[in-house]
Amino acid sequence: MKELMTILRKEFIHILRDKVSLFLVLAIPIMLTLLFGFTISTELRNAKISVLDLSKDSQSIKLIEKITSSGYFQVISLPESEAAIDFDFKNKNVKIAIIIPTQFEASLTKEKNADIQIINDVSDLNVASILNNYMQAVLYDFIADFNENSSSDAPVEIATKMQYNPEMNSVYMFVPGIITLIMIIVTALMSSITLSREVETGSMRMLLITPVKKIYVVFGKVIPYMILSFISTIIILVISVLVFKMPIKGSLFLLLFLCIVFMFTAASFGLMISALVKTQLEAMMVTMMGLFLPTVLLSGFLFPLDNMPYFFQLLADIFPAKWFIIAIKDVMIKGSGFAELWLYMLILLGMAIVLVTISLTRIDKRR
Amino acid sequence: MQAIEIKQLNKSYRAIKAIENISFSVAEGELFGLVGPDGAGKSTIFNILATLLKPDAGEVSVLGLDLIKDYLKIRRKIGYLPGIFSLYPDLTVEENLRFFAVMYKSSIKENMKLIRPLWDQLSAFKKRPAGKLSGGMKQKLALCCALIHKPELLFLDEPTTGVDPVSRKEFWDILNSIQTQNITVLVSTPYMDEASRCNRIALIQNGGIIKIETPQQIVLDFEGELFSMETSEIFHLLAIMEKCRLNCNYYPYGNHLHIAFYGNKAELLTEFIQFLDEQHIIYKNLEAINPSIEDCFIELINKKAHA
């Protein structure tokens, strides 16, 4: 045990004396969280809209009020013709336009039917589809109000409930993703680099011929980065809860325990990589290409896994990030307990145990 | 019992034969030197003996233990100073030493007597990061770390490479004092002048041993008659030497030319002087000298090449 403590102490000295790396390791999580939180938001507010109102009756005015008060749209132009709408799209940075038909009120009350045309600027597909959804929602809302007031039968009635994320907050998506990325960077990348540095500089050979147990060497080097990674995770969680109002519905203890399990898995991947390569540069490249990239692409964090070809869905299964993101979302958003999550933890632990075992046999292999 | 016994040792890296059919043994308490140029296979031998590399073929016993089966036992009894500086450059001198003391389940206090001559010089720098030490100090620290568990056998792979001449001499003085503590030392060096500090040396070239002898005997075994001369036209002379059809072997040695004659010394010398005059070479200090280990090494390589 004294050996383990000594290796830990030595590793902390390495970390504390390398101020730049230490700063980066602690600053990156904060920067990433704030960056994603403020910029990579899928919500749009105050999109510019132009409304061509051909009827100008009480209902059409109500509809325009509804659109304005939704908060999603800002009516900046009330053109008089369809050609003018085109002008707005080109010159006034308008993202969406609607045309309210003539005799809007009459059609609504008598025929219980009115055709409203929505024109989207689809040069930006993402913005267009989000705004289109918002507009549909506003229109349904308007119709619902209209039906209530006129106490007549509803022409259309759709009720969608946004389960678990009623406000469709993007923060719910990115916080688990950021935590995953940070843990991969800090734990897997740093531990693969620190171990391959020992191999590269030759100090690993010095350690190997001492009687110290190899498992102490490996854990002594990896645990400090797990601690750093844990600190980063807590920083991300605090920012997410305080700044972005991310809920933690499940138990905090379970959440942290889950993070520790995942850190262990990430570290074991780092360990495995360091056992395969000879230099720090190789370790970095392999971790970035072989672990970081699949984590970004195949974890369901940015791109939904369900849409991927079957092969990639299978590939996603062998990386730990997918399982962790499912589990962490369940804890934070759905409030799931250990009973629902034990399987994911078991998968993560299983991966870790297999990789650590293989790496330990490889690390002291006399070639 | 021999401290090290090697029989027919072979090791290849893919197609390249690093060492081929090497056999030698080192007696207990001996200071044994592996002498040879870079790439001769010295480090490979060390890596195998330090249990870090598996040989392809051959029988090796270290301190009476089998290299393959008992490698963990061997590790406890040996100290190893690798060819490249392998301590932690960002840790201080003291932190490095303490770290390795714990790794070897030993303590600085316990072995102070053994490392005293080294520690006396190092302690002035004990708060300095190891990476900021001079080459000589680095090696003294590395030796200190290799001795911290009082090994029975010490492997030193080129400990004086990159070390200034004064520190090199100090280092060898320390090695001689370590030897008096009943520690067998196997040391390698590319510097032939250091070889005379060993009890016995093995001259190695291209993965094979050319000769194993005491340094004194190696010099006595020199077959030719060695002369040294100085000339400012050394490259010109080397270029035209093939015209000189004498039974001799010549090579630049620092800023001198060494030439070893085989046969009648007086006759060959006269003919050589005649050749120099014919070629209008201006020279001075042409004189008979005693061969160094390097001269012997060159003679042996030459003999092997012509055999």
Side-chain angles (χ1 to χ4, degrees), chain A residues 1-25 190 193-221 223-225 275 278-280 360-367, chain B residues 11-14 43-44 46-56 62 67-68 71-92 94-107 129-131 141-142 145-146 148-149 151 153-155 157:
Chain A
M1 255 344 246
K2 194 185 172 197
E3 289 99 315
L4 180 62
M5 294 314 290
T6 307
I7 297 175
L8 282 174
R9 225 186 113 235
K10 184 213 77 168
E11 203 57 32
F12 271 116
I13 293 176
H14 287 319
I15 294 171
L16 293 176
R17 293 206 178 142
D18 187 0
K19 296 265 175 354
V20 178
S21 301
L22 180 64
F23 171 76
L24 284 179
V25 163
M190 294 305 272
I193 287 178
T194 182
L195 277 161
S196 50
R197 176 165 58 206
E198 299 256 352
V199 174
E200 191 177 337
T201 59
S203 46
M204 183 57 94
R205 291 143 50 92
M206 297 293 288
L207 285 175
L208 285 181
I209 60 164
T210 67
V212 65
K213 287 198 178 72
K214 301 313 156 256
I215 194 143
Y216 286 169
V217 174
V218 166
F219 277 82
K221 291 203 65 74
I223 287 172
Y225 291 99
K278 286 202 179 77
T279 65
Q280 295 176 69
L360 279 177
T361 59
R362 278 201 56 106
I363 217 160
D364 190 16
K365 199 177 171 217
R366 290 192 284 166
R367 276 162 279 225
Chain B
K11 177 73 191 177
S12 306
Y13 301 105
R14 299 221 169 85
S43 292
T44 304
F46 276 105
N47 281 333
I48 290 171
L49 291 175
T51 75
L52 289 165
L53 197 65
K54 256 187 189 155
D56 297 338
V62 175
L67 185 76
I68 307 298
Y71 75 100
L72 287 176
K73 281 186 200 160
I74 291 175
R75 285 178 179 181
R76 274 154 217 252
K77 297 183 171 194
I78 59 167
Y80 173 47
L81 193 154
I84 50 164
F85 181 70
S86 299
L87 303 177
Y88 300 103
D90 53 338
L91 260 59
T92 65
E94 199 176 12
E95 285 166 342
N96 265 300
L97 192 58
R98 273 188 203 292
F99 177 75
F100 282 101
V102 175
M103 292 302 108
Y104 278 111
K105 300 182 200 292
S106 175
S107 75
L141 174 61
C145 292
I148 198 66
H149 57 301
L153 177 57
L154 194 56
F155 296 120
D157 190 0

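These numbers come from a predicted model, not from an experiment. Within every chain, numbering begins at 1; the chains are lettered A, B, ... in the order of the sequence lines, protein sequences first and strands thereafter.
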**Report entry** B:L91 versus chain A, the contacting section by heavy-atom distance below 4.5 Å
**Finding:** both

Requested in this report: Between chain A and each of B:K105, B:R76, B:M103, count heavy-atom pairs under 4.5 Å; write down the option with the most.
Outcome: B:M103

Requested in this report: Specify which of B:I84, B:I78, B:N47 makes the most heavy-atom pairs with chain A at under 4.5 Å.
Outcome: B:N47

Query - Proximal component of B:N96, with respect to chain A [non-hydrogen, under 4.5 Å] - result: neither

Query raised in the report: chain B heavy atoms under 4.5 Å from A:R17: which part of the residue, side chain, backbone, both or neither?
Result: side chain

Report task. Say whether, by atom type as modelled, one donor and one acceptor occur between the side chain of B:K77 and the main chain of B:R75 under 3.5 angstrom. Result -> no

**Report entry** When A:M206, A:E3, A:K10 are compared by non-hydrogen pairs under 4.5 Å with chain B, the top option
**Finding:** A:K10

Query - pair B:I48-B:K11: side-chain heavy atoms closer than 4.5 Å - result: yes

Report task. Please work out whether the ring planes of B:F155 and B:Y80 are parallel, tilted or perpendicular, with thresholds of 30° and 60°. Result -> perpendicular

Query raised in the report: In terms of side-chain heavy atoms, does A:S196 have a donor or acceptor partner in A:Q280 at a distance below 3.5 Å?
Result: no

Requested in this report: Please look at B:S106 and chain A and tell me whether the side chain, the backbone, both or neither of the residue comes under 4.5 angstrom of a heavy atom of that chain.
Outcome: neither

Report summary line: In short, B:Y13 meets B:L53 closest at the heavy-atom pair OH-CD2, 3.2 Å

Requested in this report: Would you mind reporting whether B:F85 and A:T201 have side-chain heavy atoms less than 4.5 Å apart?
Outcome: no

Report task. Please flag which part of A:T6 lies under 4.5 Å from any non-hydrogen atom of chain B: side chain, backbone, both or neither. Result -> both

**Report entry** Part of B:F100 lying under 4.5 Å from any heavy atom of chain A
**Finding:** side chain

Query raised in the report: Which one of A:E198, A:R197, A:H14 satisfies the side-chain hydrogen bond (donor to acceptor under 3.5 Å, both in side chains) criterion with B:Y88?
Result: A:E198

